[in-house]
Amino acid sequence: MDTTRNGGPPPSLPIARPLHERLLIGATALFLAGASVLVGCRLLGTDAITPVPQLLAFLPWMLVPISAALLLTGLLRWRTGAVWALALLAVAGWSVRMYDTGYATGAQAAAGSWGTHGPAVARIEVLTSNVEFGQATPALIETLRREKPDVVFVQECEYVCAQLLAARVPRADYPYRHVVKAGQAEGSAILSVFPLTPTDGITGTLAMPGSATRIGGLPVQLQLVHPLPPVPGGVDDWRAELGRIRTYAAGQKGAPLILAGDFNATRDHVAFRSVLDAGALRDSAVLAGAGRAPSWSAGVRAPLGAQIDHVLVSEDFTVRSARFLELADTDHRSLLVGLDLHARR
């Protein structure tokens, strides 16, 4: 029998983990490493490269598998993994809360732009809807009859969509229109009860028309947004088109502006947050308490999906409400917001 020099029993050796535990630890470590890269990109303010931009759209829902990883590390008594998962959960949770209700960017807060409203001069309803290659146009027309929004932004309004809007939406309801006729996803339209003067809009692969109008006696810019999506191999184009939207927003800073459409981006993308910062804009859904309601894909139930359809407004507006509406035959939910336009003090 082996003994130590002092005659005592030999020191115990660490017990090797069973194979299945080692495999679970390895798989969990691999997941935590990937999640750490994603959360790190969010903190560092970079959309990086594929697959980061695609996964950032779903960052809030990463809290679920990270929580599961934390539970698993506890069951496995893997102390290093538990600390890793706990830290990652805290950082990810903080990240997704940054742009929730009540958040103002540093530039906006420094400018003192909040809480300076004068009296309300107009109350309006704004709808943005991606009708997926025109397929949901009949459902959109029914929504217009039911909800009667004052300004409507339509994306992916191809030739048939434009024809249906012309034939089935009475001019008495929407006498003013700015329609860009094109095929597939390239067409777009703005319908309004207020007079429209077409502007240059924003250059993009998909039509992004703009119009000037007057609401409650005040000049207001209406700009439709529809950049390319961040598909693998197309991230640079997506980033470039959001950059043009940012430049436009910066150029309109200080003037009443409604910037609405399918941004193909969420608040967890720095390219989208830069649009908010550049124009001192606010996200209507966030202010109405619907900041995490998904708008795409309409085929999945909340809380799954991502909010990529937005109505951004300048400080001249306050937000009364925001609702995401189900339309048949499109992969997007439409967004209807109630706004009050204020004179400036």
Side-chain angles (χ1 to χ4, degrees), residues 17-103 229-235 238-239 242 262-273 283 285-286 289-310 324 326 331-333 335:
R17 288 181 178 270
L19 177 61
H20 72 278
E21 288 191 11
R22 297 201 303 272
L23 291 175
L24 283 174
I25 288 175
T28 303
L30 187 62
F31 165 75
L32 290 176
S36 297
V37 171
L38 188 65
V39 174
C41 288
R42 175 64 171 82
L43 290 180
L44 294 173
T46 175
D47 294 324
I49 60 174
T50 297
V52 172
Q54 295 84 2
L55 292 176
L56 278 173
F58 303 97
L59 182 61
W61 319 128
M62 286 293 294
L63 296 176
V64 175
I66 294 174
S67 298
L70 176 61
L71 177 61
L72 183 59
T73 58
L75 293 174
L76 291 170
R77 299 184 301 279
W78 180 31
R79 184 175 302 176
T80 300
V83 173
W84 187 1
L86 183 61
L88 187 59
L89 185 64
V91 175
W94 175 80
S95 298
V96 300
R97 285 292 300 172
M98 283 179 64
Y99 277 75
D100 280 354
T101 303
Y103 180 84
V231 297
V235 170
W238 167 78
R239 188 179 287 111
L242 279 167
D262 173 9
F263 282 74
N264 277 310
T266 73
R267 288 182 304 283
D268 292 309
H269 291 110
V270 68
F272 177 80
R273 299 197 302 274
D283 193 326
V286 172
R292 291 300 175 187
S295 66
W296 178 88
S297 167
V300 300
R301 299 289 85 189
L304 301 177
Q307 189 177 114
I308 62 175
D309 299 86
H310 307 275
F324 287 91
E326 301 280 351
D331 57 349
H332 287 253
R333 294 180 177 92
L335 173 57

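- Residues V39 and A92 share a closest heavy-atom pair of CG2-CB, 3.9 Å.
- Partners of A27 under the side chain to side chain contact (heavy atoms under 4.5 Å, CB included) rule, at least two apart in sequence or in another chain, do not exist in this structure.
- Side-chain contact between R239 and L242 is absent, with no heavy atoms from C-beta onward closer than 4.5 Å.
- Here T50 pairs with Q54, P232, V235 under the side chain to side chain contact (heavy atoms under 4.5 Å, CB included) rule; sequence neighbours left out.
- Remark: D309 engages no residue in a salt bridge (Lys or Arg N to Asp or Glu O under 4.0 Å) (not counting sequence neighbours).
- The minimum heavy-atom distance linking A57 with A306 is given by the pair O-CB, 3.4 Å.
- When the side chain to side chain donor-acceptor pair (under 3.5 Å) test is applied to D47, no partner is found at least two apart in sequence or on another chain.
- With rounding to the nearest 0.5 angstrom, the OG atom of S297 is 5.5 Å from the CG atom of D331.
- Residues A85 and I66 come closest through the heavy atom pair O-CG2, 3.8 Å.
- Distance alone, capped at 3.5 Å, places no donor-acceptor pair between the S295 side chain and the H332 backbone.
- Using a distance-only test at 3.5 Å, with no hydrogens or angles considered, a donor-acceptor pair links the side chain of Q307 to the main chain of A290.
- With sequence neighbours excluded, no residue forms a ring-ring contact (aromatic ring centres under 6.0 Å, His included) with W84.
- Separation of atoms CZ (F58) and CG (D268) is listed at 11.5 Å; rounding is to 0.5 Å.
- Identified under the salt bridge (charged side-chain N to carboxylate O under 4.0 Å, His left out) test for residues 19-29, with sequence neighbours left out: R17-E21.
- Remark: L335 CG to D283 CG distance equals 8.0 Å, nearest 0.5 Å.
- Listed by chain and residue number, nothing satisfies the side chain to side chain donor-acceptor pair (under 3.5 Å) test with W78 (two or more places apart in sequence, or in another chain).
- Between S67 and L89 the shortest heavy-atom distance is OG-CD1, 3.5 Å.
- H310 meets the ring-ring contact (aromatic ring centres under 6.0 Å, His included) test with F263, F272; sequence neighbours excluded.
- For T46, the side chain to side chain contact (heavy atoms under 4.5 Å, CB included) test picks out C41, L44, A48, with sequence neighbours left out.
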Distance-only check: which donor-acceptor pairs under 3.5 Å involve side-chain atoms of residues 68-77, not counting sequence neighbours?
from : atom 1 : to  : atom 2 : distance (Å)
T73  : OG1    : A69 : O      : 3.3
T73  : OG1    : L70 : O      : 2.7

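- Counting non-hydrogen atoms of other residues, nucleotides and ligands closer than 6.0 Å to CH2 of W238 gives a total above 12.
- We find the OG1-CG distance between T28 and L23 to be 10.5 Å, quoted to the nearest 0.5 Å.
- Listed by chain and residue number, V52, L55, L56, L59, M62 satisfy the side chain to side chain contact (heavy atoms under 4.5 Å, CB included) test with L38 (two or more places apart in sequence, or in another chain).
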